[in-house]
Amino acid sequence: MKRVALLFLVVICGMGGLGQKLKPKKRSNGEEINFRTKNKDVCTMSISGDEEMKARIECKGQGKSYWCEYTGMPLLCSPFRNNPKMYWNQIVMELRKLPHACESTQMLKASMCQKAPVDALMKQVAAGVEPEDVANRDKSSQKTSASVRGAGKSSVKKIGKPATLPRIKPTQHGQGSENETEAMKLAREHCWESLHEFCSYIIGFFRG
């Protein structure tokens, strides 16, 4: 009986050890991994989910921001259950070789799960692009329009009321011409010919 009990105890311990081996390790749920693509885009991959997992990738570079999401069941891959952290690191290593983290691949593959079933692969389910240069142009155009409006207001203030021109008193053309004619007659009568203009000026001056 002792031998039977001892054998039964050994079998139970062996089954317990086998259960520990099959139990998946921590899957790094909620972990974020930062990396750069071949084109130097700065990216972050966040991991979430339980049986069906989701990997969201967000990148910024070359005047735009883009993102994409992948879903799959990597638990169907036994190497993933043993070392999920290595699985995601292998995926990130492959993403670093690509020029674009979302457009260049529709599936995330790890070398340790090449023989896994198709459902274990992480497949792209959504993607989007947010151009930053358009937003920057909108902001700059708003600033430009505001500055133009401010300049218009300041120019109106500077102009103000138009300056009034001094009034010019009308000259009495008839009287002036008569005085000049009489002065010239007197100058011709009383002065030398070479001094006619000078004498007429002096005579006109004294005659008012």
Side-chain angles (χ1 to χ4, degrees), residues 7-146:
L7 181 62
F8 183 72
L9 182 61
V10 171
V11 171
I12 291 176
C13 292
M15 292 180 65
L18 181 62
Q20 288 181 357
K21 289 183 180 180
L22 295 177
K23 185 179 179 180
K25 296 182 180 180
K26 187 179 179 181
R27 293 190 297 273
S28 302
N29 191 9
E31 182 181 359
E32 291 187 353
I33 304 175
N34 299 320
F35 65 94
R36 288 178 179 267
T37 64
K38 188 176 181 180
N39 288 344
K40 306 300 181 183
D41 296 345
V42 180
C43 302
T44 300
M45 183 174 66
S46 55
I47 306 162
S48 61
D50 190 7
E51 291 184 1
E52 184 176 3
M53 303 195 70
K54 181 176 74 173
R56 180 179 175 87
I57 300 175
E58 298 178 352
C59 300
K60 291 183 179 181
Q62 298 181 357
K64 65 180 179 180
S65 300
Y66 60 90
W67 60 272
C68 53
E69 292 182 353
Y70 295 82
T71 59
M73 300 178 66
L75 280 172
L76 298 177
C77 171
S78 56
F80 172 83
R81 294 196 300 267
N82 295 330
N83 197 341
K85 190 172 184 179
M86 182 180 291
Y87 172 87
W88 295 115
N89 287 336
Q90 288 183 357
I91 286 179
V92 169
M93 289 178 63
E94 295 299 323
L95 290 172
R96 287 174 178 170
K97 301 176 184 178
L98 303 175
H100 196 290
C102 293
E103 291 181 356
S104 302
T105 178
Q106 297 297 317
M107 291 186 183
L108 301 180
K109 298 179 181 180
S111 58
M112 60 191 295
C113 289
Q114 289 182 354
K115 297 181 180 180
V118 179
D119 292 339
L121 299 176
M122 301 293 293
K123 302 173 184 178
Q124 188 179 116
V125 294
V129 178
E130 298 175 0
E132 293 181 354
D133 52 352
V134 174
N136 293 333
R137 284 200 300 269
D138 293 340
K139 292 180 181 178
S140 61
S141 62
Q142 291 176 0
K143 292 181 180 178
T144 304
S145 59

Is any side-chain heavy atom of [Y] closer than 4.5 Å to one of [X]?
X   : Y   : result
K54 : T71 : yes
E58 : S65 : no
I57 : L95 : yes
M45 : Y70 : no

For the residue pair [X] and [Y], what are the closest heavy atoms and their distance?
X   : Y    : value
F35 : V92  : CB-CG1, 3.7 Å
L75 : E51  : CD1-CA, 3.7 Å
P99 : T37  : O-OG1, 3.5 Å
K64 : V129 : CD-CG1, 4.3 Å

Interatomic spacing from [atom1] in [X] to [atom2] in [Y] - rounded to 0.5 Å:
X    : Y    : atom1 : atom2 : value
D119 : C77  : CG    : SG    : 12.5 Å
M53  : F80  : CE    : CZ    : 4.5 Å
D41  : Q62  : CG    : CD    : 5.5 Å
W88  : I33  : CH2   : CD1   : 8.0 Å
R81  : L76  : CZ    : CG    : 8.0 Å
Y66  : H100 : OH    : NE2   : 4.5 Å

Carefully, step by step, assess V118 and K123 under the rule side chain to side chain contact (heavy atoms under 4.5 Å, CB included). CA-CA 10 Å; V118 179; K123 302 173 184 178; 3.6 Å; yes
Could you walk me through whether C68 and C102 satisfy the disulfide bond (SG atoms under 2.5 Å apart) test, starting with their C-alpha distance in whole Å, then the side-chain angles of each, then the deciding distance to 0.1 Å, before giving a yes or no? CA-CA 6 Å; C68 53; C102 293; 2.1 Å; yes
If we ignore hydrogens and angles and just use 3.5 Å, is the side chain of R56 paired with the main-chain N or O of E69 as donor and acceptor?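 Here the side-chain-to-backbone pair does not exist.
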Pairing donors with acceptors under 3.5 angstrom, does anything connect the side chains of S111 and Q90? yes
